[in-house]
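See below for the structure under consideration.
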Amino acid sequence: MVGQIFDILKGDSQADRVVPKRGHSVRLTLFTSGAMAFLAVFALAMSLAAGRLADRWSDALARSSTIRISAPAGEMEAQTWAVLEVLEQTPGVESARAMTDAEQRDLLEPWFGPDLPLEDLPIPRLVEVIETAAGYDGEGLRQRLAAEAPGAILDDHTRWRRPLVRAAGRLRALGFVSIGLILASTAAMITLAAGAALAANVKVIRVLRLVGARDTYIARAFVRRFSIRALTGAAVGTAFGTIAIAALPRAQEEGAFLTGLGFSGFEWAMPLVIPILAAVTAFWATRAAALRTLRRLQ
């Protein structure tokens, strides 16, 4: 494999004459590899952005919990203080505080509107719990809350984290599956282009055979040309895709998924792999197509 790559880079001026330097197959290879590389950059950016967003949400939920206190109005204050005292004595709890009416109104506003009469409704009191990196014993805390504040219910956000983790895994997988399909489509189009170029040069190929040229020698010329064209087209497509990603709006604190679409840190170097993958794909696709077509021409 290393020797074949070296031969491709080195080239052969005599063998290169077999491969047309312009025409439909050249334009098709350059355009296909460039367009597919452009799409691959976006697929990669989507996969990485989805993973970052899900990780951020998962990390935030993993260290936060909520205690919901449902009690008559006369007992609400006492149970709230009882819950805070229990939390203060619980190992693994970094901080805890009861949310204010204004904060709870802000949480309910998207569903019930800005004029919600909070004081007239039997809305539970929410206590926000931030845990340490070590965490706390959830089952033990539930038992203590049941004894000290019967109206308190602990929600450790487990049911929220699990769907996020599953969604992150699926989105990442979809991103990489998309890149795989893009490479497969590139291979298919380059195979068609290589086959068309070989068919258009049947007479030249027969003359080369008459003077003793082997099929591997002829195929190597096509492999070299098409691999370099795929590398060139993919490099251009990757450059335009990376510029397009860089031009997208930056992620904001309150932003949605699309405002975080892009690369971060060392991830900006990852698109550089796409032209290499395109060239390797073109190498094997062209080699298989050339040898298969040459066998048919015998």
Side-chain angles (χ1 to χ4, degrees), residues 48-172 250-262 264-265:
L48 294 174
R52 286 196 306 270
L53 183 65
D55 288 342
R56 184 165 64 248
W57 284 353
S58 183
D59 290 342
L61 290 173
R63 292 197 58 192
S64 67
S65 305
T66 303
I67 295 178
R68 186 174 69 253
I69 305 173
S70 300
E75 301 178 13
M76 182 67 74
E77 194 70 21
Q79 291 213 26
T80 301
W81 281 109
V83 168
L84 292 175
E85 288 181 4
V86 169
L87 293 173
E88 188 176 345
Q89 300 168 6
T90 301
V93 174
E94 184 175 296
S95 63
R97 68 180 186 88
M99 299 182 68
T100 64
D101 291 343
E103 290 174 326
Q104 295 196 183
R105 185 179 286 106
D106 290 340
L107 289 175
L108 297 173
E109 184 175 324
W111 287 272
F112 297 101
D115 301 323
L116 180 66
L118 198 64
E119 61 280 354
D120 299 331
L121 297 175
I123 296 176
R125 172 67 66 190
L126 299 180
V127 176
E128 183 185 43
V129 182
I130 304 298
E131 61 185 89
T132 62
Y136 58 80
D137 179 11
E139 188 58 36
L141 179 57
R142 285 187 176 90
Q143 293 178 4
R144 289 193 297 274
L145 289 174
E148 300 292 335
I153 299 175
L154 173 65
D155 181 6
D156 60 4
H157 298 163
T158 301
R159 66 177 184 272
W160 301 105
R161 283 203 305 271
R162 287 175 180 169
L164 281 173
V165 172
R166 287 198 300 268
R170 290 174 183 175
L171 282 174
R172 284 172 177 149
R250 296 298 88 200
Q252 302 294 327
E253 189 71 23
E254 66 279 4
F257 169 73
L258 287 178
T259 60
L261 183 62
S264 176

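Values below: all heavy atoms of this structure, side chains included; hydrogens, waters and symmetry mates excluded.
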Subject >> Nearest-0.5 Å distance that lies between atom OG1 in T100 and atom CZ in R125 >> reply: 7.5 Å
Subject >> Those residues that, when tested against R170, pass side-chain contact (heavy atoms from CB on, under 4.5 Å) (two or more places apart) >> reply: R166
Subject >> Exercise: identify the closest heavy-atom pair between V83 and A152 >> reply: CG2-CB, 3.7 Å
Subject >> Sequence-distant partners of E85, side-chain hydrogen bond (donor to acceptor under 3.5 Å, both in side chains), two or more places apart >> reply: none
Original post:
Between A98 and T80, what is the shortest heavy-atom contact and its length?
Top reply: CB-CG2, 3.9 Å
Subject >> Qualifying residues under salt bridge (charged side-chain N to carboxylate O under 4.0 Å, His left out), relative to E128, sequence neighbours excluded >> reply: R97
**OP:** Mind checking side-chain contact (heavy atoms from CB on, under 4.5 Å) for P124 and listing every partner two or more places apart, or none if nothing turns up?
**Re:** R68, S70
**OP:** Enter the distance from L87:CG to L154:CG here, rounded to the nearest 0.5 Å.
**Re:** 8.5 Å
Atom pairs and distances, donor-acceptor, side-chain atoms in residues 139-149, under 3.5 Å, two or more places apart:
unit_1, atom_1, unit_2, atom_2, d
R144, NH2, T90, OG1, 3.3

